[in-house]
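In what follows, a structure is listed as structure tokens, so that the remarks can point back to it.
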Amino acid sequence: MSDQNQPDNLYAMRHSLAHIMASAVQHLWPDVKLGVGPVVENGFYYDVDLGGEQLSADDFPRIEAEMQKIIKAGEPFERLEMPVLDAIDWARKYGQPYKEELLNDLQRAGTTVAKDLDMDMLGVAAEGDSKVEAVSFYRNGDFTDLCRGPHAEATNKVGAFKLMRVAGAYWRGKEGNPQMQRLYGVAFATPKELRQYLDMLEEAKKRDHRKLGQELDLFVISDLVGPGLPLFTPRGTVLRNELVKFSEELQRSIGYEEVWAPHMTRIELYKKSGHYEKYPERFDVSSTESDDQFMLKPMNCPHVAQIFASRPRSYRDMPQRYMETTTMYRDEKSGELHGLSRVRALTQDDSHAFVRHDQIEDEMRGILSIVKQMYLTLDMPLSVDLSFRDEQDKYFGDPRLWEEAQATIEKVAKEEELNYKIELGEAAFYGPKIDIYVSDALGRRWQCATVQLDFVQPERFELEYTDQDGQMKRPAMVHKAILGSIERFLSVYIEHTAGKFPVWVAPEQIRLISVNQEEKTVEFLNTIVAQSRGLGLRVGVDNSNESVGKKIRAAELSKVPYTVVLGEKEISGAELVPRIRKDLVVSEEAKRYTIQEFLKTVANEAKSRVSKTSL
RNA sequence: GCCGACAUAGCUCAGUGGCUAGAGCGGCUGUUUUGUAAACAGCGGGUCGUGGGUUCGAAUCCCUCUGUCGGCUCCA
């Protein structure tokens, strides 16, 4: 998606580079058929059709060299306008069928098929203008392209760029269309910014959760079990469980109660909820003894709705707040799967509250406050989109109800001092929602938490309660997830921390290293291990027959927060200086501890979930 | 699902038509009894992802399938 928020000059630079790249490709492959070449986040791309010839990264130096030539030439970008019909002739004459198609659409409908990326490339005078008579072109040197602009003044005013990759892309994003090759470049105003961006990518590669998951022994994906179905090792399971435990504690603190539903259901549930037909990712259970057809649950709401519906509810019973951390199954297309971030079995810290309309505000406030607590603890800044309806009539339910709900949501967001912006038209058809984004240590934004108001499912399942006046009323449903998919969140969190987890989540909090393997040393270590476990600490022991140096190194590589070497001195009661992982900022001069003091301090630190260290 | 690349030991990788497929790390065994980022020696460990083909001969070339990676598309 093109980013219209970037500064105009940078936008123009990137846009100009797209033209320069297309021009370079045309110099090298004169028969190239050009598609579109918009600006994207951090750079630009151009879709090209080389009639069967495949580009690869090996071609980049050539293309880049040609681009540099054009840049050096300092060709001015000239804007020209011509009538649509002349433009169509032009496209035909120069053998540019894709451009011709765009122009024909423009002429006929005044727009191309609604994709932002198409819009960028067109000489559309005004969006929604149903009668386009003239279109604009930009020309630099021997290259002319249909384009709305804007552009840099000349080809030598385009900052720093680098070609990154080439990938297949369907013409106009439609599967049935011919596949073109999309050449991607990144570009920044200065070489320094480009360098910083490339460094960030490098750092991201080092932190890739798939790599760290392997190195730190957190999860595995087995071909026999299947793609998209990660298995969690003991270490990885600690991470999951600690995060989930915290999420559940927070939810309990605002009145949520745990419920449980089996992982499969008769498909009738989803026929009634209206999801069945619209949900191609479902996993059907193909053979069962009974005549019933079953499927694995792809979500939880229809299930818990049955709990609500199981008995008459009074206005006094409201809200009913159900939470469950449970796994659901979605048959993602094979090309979509990616480490932990896109899987087929995903576990959500899900909850559903059935609320009276006058309770929406309190519920939202409670949820937003625990979301804030969660991400404050995890040391990740939040930003929030309030996804509201626009004027279209695709939305379900009474517009007045929506208006009230949206006003409530915004009020709460303000009171909770959230950094929010309103996105009109982004609401789900069933209700407005709050999309919560977290930023990681590399400045990347991820959507994890979400709060959604739902007016539809209570309707579908005919949920109701008896109000004060004896009338039956329909509740609203509030869906929320704090971490979202635990698997996906872990992918973000592993990369955010680079595997250096704070003590409360660390799979191994303390590594004990023996100086030697003499009997009394081993005995001493065993005593300390027992004491640590008594305090609820997760300790690892290394009394292998290796040098202390090597054992220290192993502990460092596994990113254990605290490492303690135990030998003669400690046995005879000496204080110890724990080795503290470097990212854990030590507030004062490293204190000396007796072993017992040290263990207690770490146990308290874990309990209070501090992100740095209290040593 | 589509386009492209890739798949060699637990891990990281070398080997691109010619003897019995290699290295480092990890593992195991022994020597050593170690004090804050790698002691020394030895030993195991691979149907070169799967199935087929070409060839006197295939890890190496071709095809199929599976999986992985980068994108596209999708994420109600």
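Chain letters run A, B, ... following the sequence lines, proteins first and then strands; every chain starts at 1.
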Classify every nucleotide of nucleotides 31-36 of chain B by which part a protein heavy atom approaches to under 4.0 Å, writing B for the base, S for the sugar-phosphate alone and - for neither, in 5'-to-3' order. BBBBBB
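- Straight-line distance between the C1' atoms of B:C63 and B:U54: roughly 11 Å, to the nearest whole Å.
- For A:Tyr430, the ring-ring contact (aromatic ring centres under 6.0 Å, His included) test picks out no residue, with sequence neighbours left out.
- Checked against B:G70, B:C74, B:C72, the side chain of A:Arg342 finds its nearest nucleotide in B:C74.
- Every side-chain contact (heavy atoms from CB on, under 4.5 Å) that A:Val384 has, sequence neighbours left out, goes to A:Leu386, A:Leu418, A:Tyr420, A:Ile434, A:Ile436.
- When the C1' atom of B:G67 is taken as reference, atom CZ of A:Arg344 falls 11 Å away, rounded to whole Å.
- With both ends at atom P, the span from B:A7 to B:C62 equals 12 Å, rounded to whole Å.
- Listed by first and then second residue, the salt bridge (Lys or Arg N to Asp or Glu O under 4.0 Å) pairs that reach into residues 562-571 of chain A are A:Lys520-A:Glu568, sequence neighbours excluded.
- Residue A:Glu556 is tested with A:Arg579, A:Lys550, A:Arg581, A:Lys500 for a salt bridge (charged side-chain N to carboxylate O under 4.0 Å, His left out); the sole match is A:Arg579.
- Across the strands present, B:A37 finds no partner; the criterion is a Watson-Crick or G-U wobble pair with both atom distances under 3.5 angstrom.
- B:G52 and B:A38: their C1' atoms are spaced 47 Å apart (whole Å).
- Under the Watson-Crick or G-U wobble criterion, with both distances below 3.5 Å, B:G51 is paired with B:C63.
- Annotation: cation-pi pair A:Arg445/A:Tyr437 present, NZ/CZ under 6.0 Å from the ring centroid and within 45° of its normal.
- Residues A:Val48 and A:Lys33 fail the side-chain proximity criterion, which asks for heavy atoms closer than 4.5 Å.
- Note: OH (A:Tyr270) to C1' (B:A76) measures 13 Å, nearest angstrom.
- Side-chain proximity of A:Lys550 to B:A37, B:C74, B:G26: nearest is B:G26.
- Between the side chains of A:Glu605 and A:Tyr562, a donor-acceptor pair is found at a separation under 3.5 Å.
- Rounded to an integer number of Å, the gap from CZ of A:Arg210 to C1' of B:C6 is 14 Å.
- Ring geometry for A:Tyr45 against A:Tyr184 counts as tilted: the plane angle lies between 30° and 60°, on a 0 to 90° scale.
- Comparing the C1' positions of B:G53 and B:U60 gives an interatomic distance of 15 Å, to the nearest angstrom.
- For the C1' atoms, the distance from B:G51 to B:G67 is 15 Å, rounded to whole Å.
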Show the distances under 3.5 angstrom between N or O atoms of the protein and N or O atoms of nucleotides 46-52 of chain B.
none

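- The separation of B:C56 from B:A14, taken at their P atoms, amounts to 32 Å, rounded to a whole angstrom.
- Taking only side-chain nitrogens and oxygens, A:Tyr45 never comes nearer than 4.0 Å to OP1 or OP2 of B:G71.
- Here, B:G35 and B:C40 have their P atoms 15 Å apart, quoted to the whole Å.
- Nucleotide B:C69: paired with B:G4 (Watson-Crick or G-U wobble, both distances less than 3.5 Å).
- Of all nucleotides present, only B:U12 satisfies the Watson-Crick or G-U wobble test against B:A23, with each distance under 3.5 Å.
- The backbone N or O of A:Ala498 lies less than 3.5 Å from a partner atom in the side chain of A:Lys559, making a donor-acceptor pair.
- Whole-Å rounding puts the A:Asp208 CG to B:C11 P distance at 16 Å.
- Contact check on A:Arg344 versus A:Asp331 returns a salt bridge, with a Lys/Arg side-chain nitrogen under 4.0 Å from an Asp/Glu carboxylate oxygen.
- Here A:His338 does not reach the OP1 or OP2 of B:G71: none of its side-chain N or O atoms lies under 4.0 Å away.
- Residue pairs meeting the salt bridge (Lys or Arg N to Asp or Glu O under 4.0 Å) criterion with at least one member in residues 213-231 of chain A, sequence neighbours excluded: A:Lys211-A:Glu215.
- Contact check of residues 444-458 of chain A against RNA chain B (heavy atom, cut-off under 4.0 Å) returns no residues at all.
- As judged by a 4.0 angstrom heavy-atom cut-off over every strand, A:Met299 is placed among the base-contacting residues.
- Legend: residues meeting side-chain contact (heavy atoms from CB on, under 4.5 Å) with A:Lys433, ordered by chain and number and at least two apart, are A:Ser387, A:Asp435, A:Gln452.
- Computed from coordinates, the A:Tyr184 OH to B:C3 C1' distance equals 12 Å when rounded to whole Å.
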Steps toward side-chain hydrogen bond (donor to acceptor under 3.5 Å, both in side chains) verdict (A:Lys297, A:Thr265): CA-CA 7 Å; A:Lys297 63 175 176 184; A:Thr265 174; over 6 Å; no
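- For A:Phe429, the side-chain contact (heavy atoms from CB on, under 4.5 Å) partners are A:Lys278, A:Phe396, A:Val456, not counting sequence neighbours.
- Taking A:Arg342 as the reference, A:Glu332, A:Glu336, A:His338 meet the side-chain contact (heavy atoms from CB on, under 4.5 Å) condition, with sequence neighbours excluded.
- When rounded to the nearest whole Å, the span between CZ of A:Arg488 and P of B:C75 equals 15 Å.
- Between the A:Arg511 side chain and the A:Val541 main chain, no donor and acceptor come within less than 3.5 Å of each other.
- B:G42: Watson-Crick or G-U partner is B:C28, with both key distances under 3.5 Å.
- With a 3.5 Å ceiling on both atom-pair distances, B:A76 lacks any Watson-Crick or G-U wobble partner.
- Near RNA chain B, meaning a heavy atom under 4.0 Å from it, residues 213-229 of chain A has A:Gln214, A:Asp223, A:Pro227 in order of number.
- Using a 4.0 Å cut-off between charged side-chain N and carboxylate O, A:Glu495 and A:Arg444 make a salt bridge.
- Regarding A:Glu336, its CD atom lies at a distance of 13 Å from the P atom of B:C2, rounded to whole Å.
- Atom pair A:Ile580:CD1 and B:A37:P shows a separation of 15 Å (rounding to whole Å applied).
- Spacing of C1' atoms, B:G24 relative to B:A9, comes out at 12 Å, to the nearest Å.
- In this structure the side chain of A:Val539 never reaches within 4.5 angstrom of the side chain of A:Ile528, judged on heavy atoms.
- Remark: A:Phe429 in residues 424-433 of chain A come within less than 4.0 Å of RNA chain B through at least one heavy atom.
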Evaluate side-chain hydrogen bond (donor to acceptor under 3.5 Å, both in side chains) for A:Thr347 paired with A:Glu487, printing each intermediate quantity in order. CA-CA 7 Å; A:Thr347 309; A:Glu487 289 79 9; 2.8 Å; yes
